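Positions are given from 1 along the sequence. Numbering of ligands and ligand atoms starts at 1, following listing order. Please read these numbers as outputs of a predicted model, since none were measured by experiment.
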Amino acid sequence: MTAKLGVNIDHVATLRQARRTKYPDPVAAAVLAEMAGVDNITCHLREDRRHIQDRDVRLLRDIVQTELNLEMAATQEMLRFALDLKPDTVTLVPERREELTTEGGLNLTQQKDSFGKSVALLREAGILVSLFVDPETDAIKLAHRFGAQAIEIHTGRYANAVRAVDRKNEVARIIEAVQFAAKLKLGVHAGHGLNSSNIQAVAAIREIESFQIGHSIVAQAVLIGFDRAVREMKQLILLAS
Ligand code: PXP
């Protein structure tokens, strides 16, 4: 089975929010991603609304034709939002205001009761629930116990490893974790920090059903599109002068 690709469009919104303009619209990016063959559209509605806004998620719910995966913290506010919006999937992630990006998997040993309740509430509404966890069997066991149907393995440590030996060790940790999750019949996703230089080793892991990739795709899009964007502006000036 070929692994699927979900594109996280948060950083299209980061560019927009930097100037509070109407462009670039992450909703337009979602349409283009679907036309290019993506398997799901992912966005993270953060408490501080630093990139994706409520309006984006509501429009995405209407226009996404593949699947909409909403990443969010398990707070009361976000649970209410998700139960009302009904994305296809909710991926619960840890969230801290001061972090640049999601820095690790969920700590499922804290607030055990509330995780179980959050998963149950979302599942009752027909939403598939995935928990973002580090590649550790204990965390995967807890995700399974809380009733999640899937996990997403945090690949950040692998992506950030500099030495070949550390990368190798991280790949081994990921393999052990995903095989364990697959035995528990959990859906297995993976993501964070993946780019064109490091995707190969993890894409070769059979048990991983889908990859969630954001920052590197948006970064590559900026460069691939730069030549055309400059030419278009040059042309406009030429035509007007
Ligand atoms: N998966 C999860 C749960 C995330 O929080 C993120 C970052 O928002 C990603 C995947 C995508 O990570 P990146 O932007 O580094 O590709």
**Q** Taking distance alone, with no angle check, do G193 and ligand 1 share an N/O pair under 3.5 Å?
**A**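 G193 vs ligand 1: N/O contact under 3.5 Å present.
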**Q** Flag yes if more than 12 heavy atoms outside E232 fall under 6.0 Å of its CD atom; otherwise flag no.
**A**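 More than 12 within 6.0 Å, yes.
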**Q** Under the 3.5 angstrom rule, does the side chain of D39 hit a backbone N or O of G6 as a donor-acceptor pair?
**A** no
**Q** Within a strict 4.5 Å, meaning less than it, do heavy atoms of the I217 and I9 side chains meet?
**A**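 No, every pair of side-chain atoms sits at 4.5 Å or beyond.
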**Q** Tell me the nearest of E71, H44, M72, R46 to atom 4 (C) of ligand 1, using heavy-atom distances.
**A** E71
**Q** Give the numbers and elements of all ligand 1 atoms closer than 4.0 Å to a heavy atom of N8.
**A**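 In order of number, 8 (O).
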**Q** Using a 3.5 Å cut-off on N or O atoms only, is G214 in polar contact with ligand 1?
**A**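 Yes: some nitrogen or oxygen of G214 is under 3.5 Å from one in ligand 1.
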**Q** Among H192, H215, E95, which one puts a heavy atom closest to atom 6 (C) of ligand 1?
**A** H192
**Q** Please identify which atoms of ligand 1 are closer than 4.0 Å to at least one heavy atom of I213.
**A** 16 (O)
**Q** Do R167 and Y158 form a cation-pi contact, if we require the NZ or CZ to be under 6.0 Å from the six-membered ring centre and within 45 degrees of the ring's axis?
**A**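 Yes; both conditions hold, so R167 lies above the ring face of Y158.
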**Q** My understanding is that only one of K141, R157, R173 makes a salt bridge (Lys or Arg N to Asp or Glu O under 4.0 Å) with E136; could you say which?
**A** R173
**Q** Mark up the atoms of ligand 1 that fall under 4.0 Å of a heavy atom belonging to V93, in ascending order.
**A** 3 (C)
**Q** Is the closest heavy atom of S216 to ligand 1 under 4.0 Å?
**A** no
**Q** Provide the number and element of each atom of ligand 1 under 4.0 Å from a heavy atom of Q212.
**A**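 By the 4.0 Å cutoff, the relevant atoms are 10 (C), 11 (C).
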**Q** Could you tell me whether a side-chain N or O of Q17 sits under 3.5 Å from a main-chain N or O of L15, the two making a donor and an acceptor?
**A** no
**Q** Please state which protein non-hydrogen atom is closest to atom 1 (N) of ligand 1 and give its distance, to 0.1 Å?
**A** E152 OE2, 2.5 Å
**Q** Donor-acceptor check, side chain of D134 to backbone of G105, threshold 3.5 angstrom: yes or no?
**A**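 Side chain of D134 to backbone of G105, a donor-acceptor pair under 3.5 Å: yes, one is there.
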